[in-house]
Colleague: 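Quick one: structure below, then a few questions.
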Amino acid sequence: MSFASRPDWRQPMLIGERVAYAAFDQPGKFRLPPVLLAAQAGDGESPLRLDIVQQDRGAAGLERYSILSLGFAAEFALAQARQAAFDAGQHVDLSPLPVEGGWLRLSAVQALNLPPALGELLPLDAASLGAVNLAVRLDSAATDLFVSALQRGLLAVGAQAWLRVRGVADRLPLSMSFDPAALLAAIRALTGGAASIDHALLRQRLIDAPQTLGLGLAASSGDILKQPLADAVIDRIAARYASPQPSTPDAPTGVRLVFDETAMAPGRVQWNLAEPQLAPRLIAIEADPLGPLRTMAAADLHDAVVRRHDVRALASGWRSVTVRANLPDRRVGVVSAQVELQLPAKPPARMFTIKTSAPLTAADRPIAVDLRLSPSEALSYQWQTTAIVLGDGRAEQIKGPPRKSDREHLLIGPDDFGLRLIPVEAEPVFLAQADIEVECIGTRKGKPWSVRANLSDAAPDLAFAVPFDVDGAAIRATARAKNDGTRRSMPAVDADSLRLDAFSFDGSGSRELELSCEFDDGANLRTIEIAPEDGIDDAGKRKQVKFTRHSPQARWIWLSLSPFRSGYRWRWDAQSPWSAVLQPDTPLRLRSSEAATARIGAGA
């Protein structure tokens, strides 16, 4: 398993007031967590949607429920962080930290008389690098409560989010051997019998008295610092035996570890803490669940959010499964995708096998799949995804892993396919000045393999569909300026979640220039003003550089915000004209006598 580009939990760096993490095995590159989850809609629709499904089931009565969907986009504030790093002299490459889902807790649920179910922890599913989605099934009574709350307005609703990310755990030159069952017993002793523990409490116990946890750690482990040792052990516990989850609302801290008791059978386990290990952590941030909806009147809000679906009346025994795809809209390399549901025969009540399918389109609207069961039969079915991909010019069918479910709401995500869906998105601000051609390359069955697509204002994101048997998968990109067609490339990187912006391409970022002045007249001092090519009107970006006979050389560093405008301009003084744009690889060589002949109106 490759850990490249994953955040390294033992190498945090403060960027302004934010914490970034070094990308493992990639010197100079850092991953930055998001600062906010904001409600985000696609195709001009509302980010919040309530799909109400109603069906007459004959003798079984009227069935009514709804699916509440809410889409979020992560905001990373990269531009501000990059400027803060440059101002502090931190020459680092910052990119977004991809998330893998998480949880959301809504506020003001009781005050607004919202359904009690919305006051619980709600799971967030990641569909792409910068987007997570919420899908909650509400029964008939909860649906009515939510519709009533919509009609009164939801301005007071806020939210807290906990995003799940995975990084490389701390490494230490130490081995440890322990019994998982003994660890679980120690946890229960600390928590009064519970199989979960507050993260901060466990960390403090590992610092103060690690020998009490049955991990084979002495109170003092040589010269190893206690805090890094505690973090390294907790990371590995979370990777193997426990899931980090948000604490209850009344807890003093925000994260707890919930242990998987079935995985902690008696025996001996040996851990080498020097080996890299992917470990999950939670990042707590604020979330805005309404976003643009806050400015709507209550009546308009109801009309924008609520969708009603009346399913045809069916005789007793029919059941309807609502299928919802939590997938990227653009799946490059996939011709079509569907989910197949199958119910084996159950004689004598039902002598036949049921097989049916539903298309998984780009839109994530729920799809109703009708199943005819025996009147007394409980709902239980097997399901599997199928993707049609193009390989060697031919269509190929790739099936996902078989799953089982007994729920009437089936949520399908990227992990349910027999291929990798690798999200790639581009910063909208950069797409205003350039189109991007993105290509995923590799080797499959001994032959070159590739798929490509374009990113633009109208299509700012995609997901490459990469079969698992593609070796050496990598992504490369080329940006083309809209004004003059200038092209800038991005070196190939390992195929993983990727967000492209100006700093992804050659020419942007921190630039450095050598300057010199030859004193060929009687002057002892010469001063020039220099600025990035797009910064001559910004006093904060202009800089004065002084040369003397004893110090005729200087160095200037600036931040290029665009790969298409990475040059510089200079002038002798405020009364002289600015030079033409010079490229950053063009050193500035001056002669002191030139200053005396500089005239207003000369130059470019």
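Position 1 is the first residue of the sequence, and the numbers go up from there. No hydrogens, no waters, no symmetry mates; every other heavy atom, side chains included, goes into these values. Note that the coordinates shown come from a computational prediction; the quantities given were computed from them, not determined experimentally.
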Colleague: Report yes or no: do T443 and D471 form a side-chain donor-acceptor pair below 3.5 Å?
Modeller: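 Side-chain D/A pair, T443 to D471: absent.
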Colleague: With sequence neighbours excluded, tell me which residues meet salt bridge (Lys or Arg N to Asp or Glu O under 4.0 Å) with R188.
Modeller: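 R188: salt bridge (Lys or Arg N to Asp or Glu O under 4.0 Å) contacts with E261.
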Colleague: Listed by chain and number, what are the salt bridge (Lys or Arg N to Asp or Glu O under 4.0 Å) partners of E512, not counting sequence neighbours?
Modeller: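 Residues passing salt bridge (Lys or Arg N to Asp or Glu O under 4.0 Å) with E512: R555.
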Colleague: Could you check if a side-chain atom of V165 sits within less than 4.5 angstrom of a side-chain atom of P7, using non-hydrogen atoms only?
Modeller: no
Colleague: Has D461 got a side-chain atom pairing as donor or acceptor with V424's backbone, closer than 3.5 angstrom?
Modeller: no
Colleague: Do R487 and T478 pair up side chain to side chain, a donor and an acceptor below 3.5 Å, judged on atom types alone?
Modeller: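 The answer is no; no qualifying pair exists.
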Colleague: Side-chain contact test, heavy atoms from C-beta onward, threshold under 4.5 Å: evaluate it for D8 versus R171 and give yes or no.
Modeller: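 D8 vs R171: side chains touch.
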Colleague: Salt-bridged, D231 to R281, with N to O below 4.0 Å?
Modeller: no
Colleague: What's the shortest heavy-atom distance between L134 and P123, and which atoms?
Modeller: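 Shortest heavy-atom separation between L134 and P123 comes out as CD1-O, 3.2 Å.
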Colleague: Would you say the side chain of F417 lies within less than 4.5 Å of the side chain of I412, judging by non-hydrogen atoms?
Modeller: yes
Colleague: For a quick test of reading the model, state the closest non-hydrogen atom pair linking A387 to V334 and the distance between them.
Modeller: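 Nearest heavy atoms, A387 then V334: CB-CG1, 4.5 Å.
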Colleague: Ion pair present between R480 and D435, side-chain N to carboxylate O less than 4.0 angstrom?
Modeller: yes
Colleague: Determine the sole option in N133, D416, D125 for which the side chain to side chain donor-acceptor pair (under 3.5 Å) test with N326 is passed.
Modeller: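 So, applying the side chain to side chain donor-acceptor pair (under 3.5 Å) to N326 and each of N133, D416, D125, only N133 qualifies.
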Colleague: Going by an N to O cut-off under 4.0 Å, is there a salt bridge joining R82 and D501?
Modeller: yes
Colleague: Got a sec, which residues hit salt bridge (Lys or Arg N to Asp or Glu O under 4.0 Å) with R137, two or more places apart in sequence or on another chain?
Modeller: E63, E408
Colleague: What is the distance from atom CG of L462 to atom CD of E425, rounded to the nearest 0.5 Å?
Modeller: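 So the CG of L462 and the CD of E425 are separated by 9.0 Å.
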Colleague: State, yes or no, whether a side-chain contact exists between F72 and P289 at a heavy-atom distance under 4.5 Å.
Modeller: yes
Colleague: Within a strict 4.5 Å, meaning less than it, do heavy atoms of the V99 and L124 side chains meet?
Modeller: no
Colleague: Flag the pair R565 / Q433 as yes when at least one side-chain heavy-atom distance between them is below 4.5 Å, and no otherwise.
Modeller: yes
Colleague: State, with a plain yes or no, whether a side-chain heavy atom of L122 is found less than 4.5 Å away from one of L70.
Modeller: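 They are not in contact (no side-chain heavy atoms under 4.5 Å apart), so the answer is no.
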Colleague: Going by side-chain contact (heavy atoms from CB on, under 4.5 Å), C440 matches just one of V332, V470, I475. Which one?
Modeller: I475
Colleague: Looking at side-chain heavy atoms only, is the closest gap between L513 and W558 below 4.5 Å?
Modeller: yes
Colleague: More than 12 heavy atoms of other residues, nucleotides or ligands under 6.0 Å from CZ of R403: yes or no?
Modeller: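 Atom CZ in R403 is crowded, with more than 12 foreign heavy atoms closer than 6.0 Å.
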Colleague: Please set out all donor-acceptor pairs under 3.5 angstrom arising from side-chain atoms of residues 20-34, sequence neighbours excluded.
Modeller:
| from | atom 1 | to | atom 2 | distance (Å) |
| --- | --- | --- | --- | --- |
| K29 | NZ | D93 | OD2 | 2.9 |
| R31 | NE | S5 | O | 3.0 |
| R31 | NH1 | S95 | OG | 3.4 |
| R31 | NH1 | P96 | O | 2.6 |

Colleague: List the residues meeting side-chain hydrogen bond (donor to acceptor under 3.5 Å, both in side chains) with S560, not counting sequence neighbours, and say none if there are none.
Modeller: none
Colleague: Locate the shortest heavy-atom distance separating A474 from A492; write the atom from each residue and the value.
Modeller: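 Closest approach of A474 to A492, heavy atoms only: CB-CB, 4.4 Å.
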Colleague: Write out all pairs satisfying ring pair (Phe, Tyr, Trp, His ring centres under 6.0 Å) with one or both partners inside residues 435-467, taking only residues at least two apart or from two chains.
Modeller: none
